[in-house]
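These values consider heavy atoms only, across backbone and side chains, with no hydrogens, waters or symmetry-generated copies. As the structure is a prediction and not an experimental result, all values here were calculated from the model.
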Amino acid sequence: MISEYDYIIVGSGAGGSTLAYRLSENSRTSILVLEYGSGAGNPLHSIPKGFFFTLQGDRYTYHYPTQPIAGTTKIESWTRGKVVGGSTTVNGMMYSRGFQPDFDALAAHSGADHWAWDRILATYRSIENHALGGSPLRGEGGRLGISATGATGELADRIFAAAESLGLERVADVNASDDERIGYTPSTVFHGRRTSAATAFLTPAVHRANVTLETRTRVARILVQDGRAIGIEADRRGSSVTYHARREIIVAGGTIESPLLLERSGIGHPDLLARHGIDTVVESRQVGERVIEQHGPGSVQARLKKRLGATETLNSPIKLVYQGALYLATRRGPISTAGYDFTFHLKSDPSLDRPDLVGCVTPFAIDPTASKMKLAGHSGLLAGMYQTRPQTTSSVHISGPRPDDTPLISPHYFETDVDQSASSRILGRVRELLAAPPLADIIEGEDFPTNAVSSEPAAALEHGRSFGGTIYHAVGSCAMGPRPDDVVDAELRVRGIAGLRVVDASVLPFQVSANTAAPVMAIGWIAADLIENT
Ligand SMILES: Cc1cc2nc3c(=O)[nH]c(=O)nc-3n(C[C@H](O)[C@H](O)[C@H](O)COP(=O)(O)OP(=O)(O)OC[C@H]3O[C@@H](n4cnc5c(N)ncnc54)[C@H](O)[C@@H]3O)c2cc1C
């Protein structure tokens, strides 16, 4: 068995898959991709609404219990994909890219033009195959299928009209501007099937002769010799294996797992490593620190006076069978769309220069009395919103030297004035939409949180703290930056060691007004050029 490759990529998620695809374009290099999860063979992975099932249990996902959220006794579960394609195989499929000011800020922060919007936009245009067609702001013919569809008809018309009455512009592509706007959610769904980083990038890469994929292989440690990362030790289906890299090892395990792997390998804060009996190889005090997660303060569910939306097309076994058959025959219907049909961007405060909140509406109602997620017996809609650029930092660290030691995740939210101000206005802004005609005319009342919870900012913030939580978009645990204590530099090289990079969500030093899959795929794409050229 070959045990030496030019590049070893740890993790096959958004970052790892895209990187493998690009690096393997050079047929003279050999690439090994190691993935702890299994292959994405389950048909539910390609059915958009299949994620309701694949997110359950631990077959395709990690559900890491956190420490109590700072200032509370509440524990949450930070879920991530554990399957080929990583979280992009199980996620909500919203394709949200961020915009010019975010990436220009990243370039300014890191001191590197390759993170500026011009380069990021060119990258998005290269990877996208957008059903809306190509444009100066959109790609066509790339590997990542994207569409922007959702429920049509009276409910959709009323939602759009209500948003327009509040000053939001109705647009065909919410990724193509940075104003207050509403449109169908751009999603990594194409012809009714999910496109993940695996289907778009890893699968074609693996068809090339120079890429090897090993699934169910968990990397335990990076091997370092004379200041250089030379290989990895892993558990492969119950056996211990070692692989060597001639050129580089690229860690792409995601915001939670990447810092854990660095720490297990002796790269981290010396005191923390010593507590777990790990010798310090590189002192890097920010590993696992400066994590920034977006916080969803809980949705509002409105009951409708009329039979509208998708709930009553799916809320019994017989309807499910019918919709399943319809989906199989036509790839259409409510099963064929992503997590949320409608997306809107708006400002928490009119004085802001651009939106800082994103909202999503789905034409489903869930049973508010059920202990497990189940559709309601009545028509309704769910509307949620979150702050796109929070600043409060959390942390992720090892609790022991072994890969299966539960990580110590310490979530913090709302600890800056900006975060408090933005989040405290969310409930009020969601209700403003629901109260705007002609949507208001068909709303009977709220299933939750009900008018027992006031939209007044202090009460709304408290409600968000109690009922809301993680939305699985954390970044920053191996953040890039120009300072000696930033974990990676602008070329994503781990400081203090040769032959080692990180290419995943963990390198983003702040949120870029997006859900994180699209930015991380762009990072993976650009990282291949950095690796080839440095
Ligand atoms: C439930 C959920 C819903 C989401 N919804 C959306 C959405 O709608 N839109 C959006 O843009 N983003 C969404 N996201 C976030 C987005 O999918 C992630 O931010 C993105 O996939 C991160 O990419 P990554 O490469 O950093 O990590 P991941 O995609 O998570 O991939 C990391 C991979 O590395 C593997 N790995 C980790 N450690 C090891 C190890 N030691 N050895 C071997 N393999 C390892 C993991 O098994 C995993 O497959 C969602 C995430 C989740 C969990």
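With a 6.0 Å cutoff to the six-membered ring centre and a 45° limit on the axis angle, Arg218 counts as a cation-pi contact of Tyr36. For the pair Arg208 and Tyr21, the cation-pi criterion (under 6.0 Å, within 45° of the ring axis) is fulfilled.
At least one side-chain heavy atom of Arg236 sits less than 4.5 Å from a side-chain heavy atom of Glu214. Put simply, the side chain of Ile335 reaches to within 4.5 Å of the side chain of Ile47, judged on heavy atoms. Ile8 has its side chain out of reach of Val219: every pair of non-hydrogen atoms, C-beta onward, lies at least 4.5 Å apart. Residues Val494 and Ile267 are in side-chain contact: their nearest non-hydrogen atoms beyond the backbone lie under 4.5 Å apart. Counting only heavy atoms from C-beta outward, the side chains of Glu248 and Leu500 never approach each other to under 4.5 Å. In this structure, Val475 and Ser506 have side chains that are not in contact, with every pair of non-hydrogen atoms separated by 4.5 Å or more. Counting heavy atoms from C-beta outward, Leu34 and Ile9 have side chains that stay 4.5 Å or more apart.
Judged purely by distance below 3.5 Å, without hydrogens or angles, the side chains of Arg237 and Thr215 pair a donor atom with an acceptor atom. The closest side-chain donor-acceptor pair between Asn26 and Thr29, if any, does not fall under 3.5 angstrom. Side-chain polar atoms of Thr392 and Glu415 form no donor-acceptor pair below 3.5 angstrom. Counting only N and O atoms by type, the side chains of Ser258 and Asp504 include a donor and acceptor under 3.5 Å apart. No hydrogens or angles considered: a donor-acceptor pair under 3.5 Å links the side chains of His63 and Thr61. Checking Ser410 against Gln67 by side-chain atom types alone, no donor-acceptor pair falls below 3.5 Å. A donor and an acceptor atom, one from each side chain of Gln294 and His473, are located under 3.5 Å apart. With 3.5 Å as the limit, one finds no donor-acceptor pair spanning the side chains of Tyr413 and Gln387. Inspection of the Ser513 and Arg389 side chains reveals an N or O donor paired with an N or O acceptor under 3.5 Å.
Between the CD1 atom of Ile69 and the CD atom of Glu293 there is a distance of 10.5 Å, given to the nearest 0.5 Å. Between atom OG1 of residue Thr343 and atom OH of residue Tyr184 there is a gap of 12.0 Å, rounded to the nearest 0.5 Å. Ile526 contributes atom CD1, which lies 12.0 Å from atom CD1 of Ile531 (distance to the nearest 0.5 angstrom). The distance from atom CD1 of Ile230 to atom CD1 of Ile249, rounded to the nearest 0.5 Å, is 7.5 Å. For the atom pair CD1 (Ile120) and CD (Gln100), the distance works out to 11.5 Å, reported to the nearest 0.5 Å.
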*Could you go through the side-chain contact (heavy atoms from CB on, under 4.5 Å) check for Ile232 and Leu223 one step at a time?*
CA-CA 5 Å; Ile232 58 91; Leu223 304 171; 5.7 Å; no
*Output, in order, the C-alpha distance, side-chain angles, deciding distance and verdict of ring pair (Phe, Tyr, Trp, His ring centres under 6.0 Å) for Tyr386 and His295.*
CA-CA 6 Å; Tyr386 49 93; His295 179 276; 9.9 Å; no
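Residue pairs meeting the side-chain hydrogen bond (donor to acceptor under 3.5 Å, both in side chains) criterion with at least one partner in residues 260-279, sequence neighbours excluded, are Glu263-His397, His269-Arg285. Every pair passing side-chain hydrogen bond (donor to acceptor under 3.5 Å, both in side chains) that includes a residue from residues 84-96 is listed here, sequence neighbours excluded: Asn91-Arg194, Tyr95-Glu128.
Salt-bridge formation is detected for the pair Arg354/Asp102: a Lys NZ or Arg NE/NH1/NH2 atom is positioned less than 4.0 Å from an Asp or Glu carboxylate oxygen. In summary, Arg138 and Asp173 engage in a salt bridge, as defined by a charged side-chain N under 4.0 Å from a carboxylate O. Salt-bridge formation is detected for the pair Asp485/Arg483: a Lys NZ or Arg NE/NH1/NH2 atom is positioned less than 4.0 Å from an Asp or Glu carboxylate oxygen.
With sequence neighbours excluded, the residues satisfying side chain to side chain donor-acceptor pair (under 3.5 Å) with Tyr60 are Asn42.
Counting only distance, with no hydrogens or angles, the side chain of Ser196 and the backbone of Ala198 share a donor-acceptor pair below 3.5 Å. Looking at Tyr7, its side chain never comes within 3.5 Å of a backbone N or O of Ile250 through a donor-acceptor pair. A donor-acceptor pair under 3.5 Å is absent between the side-chain atoms of Thr199 and the main chain of Thr195, judged by distance alone.
Residue Arg216 qualifies as open at atom CZ: its count of foreign heavy atoms under 6.0 Å is 12 or below. Crowding of Tyr340 atom OH: a count of heavy atoms from other residues, nucleotides or ligands under 6.0 Å not exceeding 12. The number of heavy atoms from other shown groups lying within 6.0 Å of CZ (Arg246) is above 12.
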